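Structure first, then comments.
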Amino acid sequence: DVLAILAEAPVPQRIPVTLFAAIHDLLLAEPDQELAQWYPNLTTAPRTDDPLPTALAFCAEHHAELVELVRSRTPQTNEIGRCALLLVGLGRVATEVGAVTQLDVGASAGLNLLADHYAYDYSGQRVGTGRPLLRCELRGAAPDPSSGSATVPVRLPVIASRLGLDRNPIDLNDPEQVRWLEACVWPDQIERFERLRAAIGVAEQARPLVAKGDAVADLASAVERLGPGHPVVTSSWVLSYLEPERQQDFLAELNRLGSERDLSWVSLEEPSAATNLGWPDALVGSSLSVLRLVRWRDGVRVEAFLAECHPHGWWLRWL
């Protein structure tokens, strides 16, 4: 009966997180429901006995609401922990060119457009003074800075202008959309939940602009909308939601734009989930997220694979 609810979702969204987020969404709206007693982010002393009978009863009682959610909603993991990873690439580009402009593809509510508003702790090395504080453990031998390889930045980059691009942007003025964003965070990971809410508070003040559009068809026009400064396209765990041929189209469009103007691309994607992004043999099929920096300068393309990472930014291991 529960799987029949998920079967109502469109095929690309027919994944467990869609169902779990739908259940979480209803509990966030009504935290007095009995099932909320097992959710660490909704109660101070969560129950530890078997939640399954209560969960099944909840799904039966709220069948129609859950079906509507899985039919109409797409998983939106606007995970700001990824900013600790994207910042490595953004910082490397800013060291080279100065002020940058950022286009975040798959921006959701635009929270990853605000990397320069947060603070970071890279294994004890602090960067920035904002909130929330994002912690990222550094693993492996650090690159030699004199070689020009990317390391963690010593200061926040200057982001002169920023724009998000998303097929279904989250409207921060809509409480139901914001609740869905929160529902997509796993409820047992309280720190992620709390820092998401903190970042939403930052975004409500900063108001990053997110345009509705397609990752391929609208990429060029979105880059053109950025203000003066070197354009950096960022993407994190979004290209895996494109069909394989569309992943190739995205790369082709980036290459076309880079042949016409200086451009950089900082991406965080998993090779096993986004298979058609031109991975080197050593990374093909990897289930770890890979931080990549591609630069086009005077029409010449240079690519570097910087680190393997936890998908939520808890750690990175230099490549």
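Residue indices begin at 1 and follow the sequence shown. Treat the numbers as computed from the prediction; the structure is a model and nothing was measured.
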Requested in this report: Return yes if some donor-acceptor pair links the side-chain N/O of E68 with the main-chain N/O of H63 below 3.5 Å, else return no.
Outcome: no

**Report entry** Side chains of W296 and D262 in contact at under 4.5 Å (non-hydrogen atoms)
**Finding:** no

**Report entry** Side-chain touch H117/L156, heavy atoms, less than 4.5 angstrom
**Finding:** no

Report task. Please round to the nearest 0.5 Å and tell me the distance separating atom CG of L114 and atom CD1 of I200. Result -> 11.5 Å

**Report entry** Any donor-acceptor N or O pair under 3.5 Å, side chains E30, Q33
**Finding:** yes

Query raised in the report: If we only count heavy atoms from C-beta on, is the E308 to L319 side-chain gap below 4.5 Å?
Result: yes

Query raised in the report: Does NZ or CZ of R192 come closer than 6.0 Å to the centre of the six-membered ring of W186, within 45° of the ring's axis?
Result: yes

Query - Closest non-hydrogen atom pair between P51 and L35, with its separation - result: O-CD1, 4.3 Å

Query - Side-chain heavy-atom pair L27, W38 within 4.5 angstrom cut-off - result: no

Requested in this report: For E269 and W279, work out which heavy atoms get closest and say how close.
Outcome: O-CH2, 3.8 Å

Query raised in the report: In terms of side-chain heavy atoms, does E270 have a donor or acceptor partner in S272 at a distance below 3.5 Å?
Result: yes

Query raised in the report: So, D166 side chain and K212 main chain: donor-acceptor pair closer than 3.5 Å or not?
Result: no

**Report entry** CG (D49) with more than 12 external heavy atoms under 6.0 Å
**Finding:** yes

Report task. Keeping the roles fixed (side chain from Q177, backbone from D171), state whether a donor-acceptor pair exists under 3.5 Å. Result -> yes

Requested in this report: Find the distance between OG1 (T74) and CZ (R167) and round it off to the nearest 0.5 Å.
Outcome: 5.0 Å

Report task. Salt-bridge test for E303 and R292: reply yes if a basic N is under 4.0 Å from a carboxylate O, no otherwise. Result -> yes

Query raised in the report: Under the 3.5 angstrom rule, does the side chain of T43 hit a backbone N or O of Y39 as a donor-acceptor pair?
Result: no

Requested in this report: Go through the steps for C309 and L288 under the test side-chain contact (heavy atoms from CB on, under 4.5 Å), then give the verdict.
Outcome: CA-CA 6 Å; C309 316; L288 293 173; over 6 Å; no

Query raised in the report: Under 30°, 30 to 60°, or over 60°: which ring-plane class applies to H310 and W314, parallel, tilted or perpendicular?
Result: perpendicular

**Report entry** From CA spacing to verdict: salt bridge (Lys or Arg N to Asp or Glu O under 4.0 Å), E96, R295
**Finding:** CA-CA 11 Å; E96 175 193 357; R295 295 176 291 171; 3.3 Å; yes

Report task. Inspect the contact between E137 and R317 and indicate whether a charged nitrogen and a carboxylate oxygen are less than 4.0 angstrom apart. Result -> no

Requested in this report: For this output row, return yes or no: ring centroids of F20 and H24 closer than 6.0 angstrom.
Outcome: no

Query raised in the report: How close do P75 and I15 get, heavy atom to heavy atom, and via which atoms?
Result: CG-CD1, 4.1 Å

Query raised in the report: Are the side chains of R225 and S221 in touch, meaning some heavy atoms are under 4.5 Å apart?
Result: no

Report task. Could you tell me whether the side chain of T18 and the main chain of R14 form a donor-acceptor pair under 3.5 Å? Result -> no

Query raised in the report: Can you list the steps and then say if I170 with N78 is a side-chain contact (heavy atoms from CB on, under 4.5 Å)?
Result: CA-CA 10 Å; I170 293 288; N78 203 173; over 6 Å; no

Query raised in the report: About how many Å separate CD of E8 and CG of L3, when rounded to the nearest 0.5 Å?
Result: 12.0 Å

Query raised in the report: Step by step, would you call L111 with L196 a side-chain contact (heavy atoms from CB on, under 4.5 Å)?
Result: CA-CA 9 Å; L111 304 185; L196 172 65; 3.4 Å; yes

Query raised in the report: Does the side chain of L172 reach to within under 4.5 Å of the side chain of R207, using non-hydrogen atoms?
Result: yes

Report summary line: Rounding to 0.5 Å, atoms CD (Q125) and CG (L138) come to a distance of 7.5 Å

Using atom types as modelled, flag every donor-acceptor pair under 3.5 Å from a side chain in residues 235-243 to any protein atom, sequence neighbours excluded.
{"unit_1": "S235", "atom_1": "OG", "unit_2": "W265", "atom_2": "NE1", "d": "3.1"}
{"unit_1": "W237", "atom_1": "NE1", "unit_2": "S289", "atom_2": "OG", "d": "2.8"}

Requested in this report: Answer yes or no: is there a side-chain heavy-atom contact under 4.5 Å between V152 and V127?
Outcome: no

Query raised in the report: Between CZ of R135 and CG of L133, what distance do you get to the nearest 0.5 Å?
Result: 4.5 Å

Query raised in the report: Between R82 (side chain) and P311 (backbone), is there a donor-acceptor pair under 3.5 Å?
Result: yes

Query raised in the report: For the atom pair SG (C184) and CZ (R179), what is the distance rounded to the nearest 0.5 Å?
Result: 12.0 Å

Query - For Q37, all residues meeting side-chain hydrogen bond (donor to acceptor under 3.5 Å, both in side chains), sequence neighbours excluded - result: R47

Query raised in the report: Is the shortest heavy-atom distance from the side chain of R246 to the side chain of L251 under 4.5 Å?
Result: no

Requested in this report: Walk me through it: do L219 and L257 pass the test side-chain contact (heavy atoms from CB on, under 4.5 Å)?
Outcome: CA-CA 9 Å; L219 185 64; L257 292 173; 4.1 Å; yes

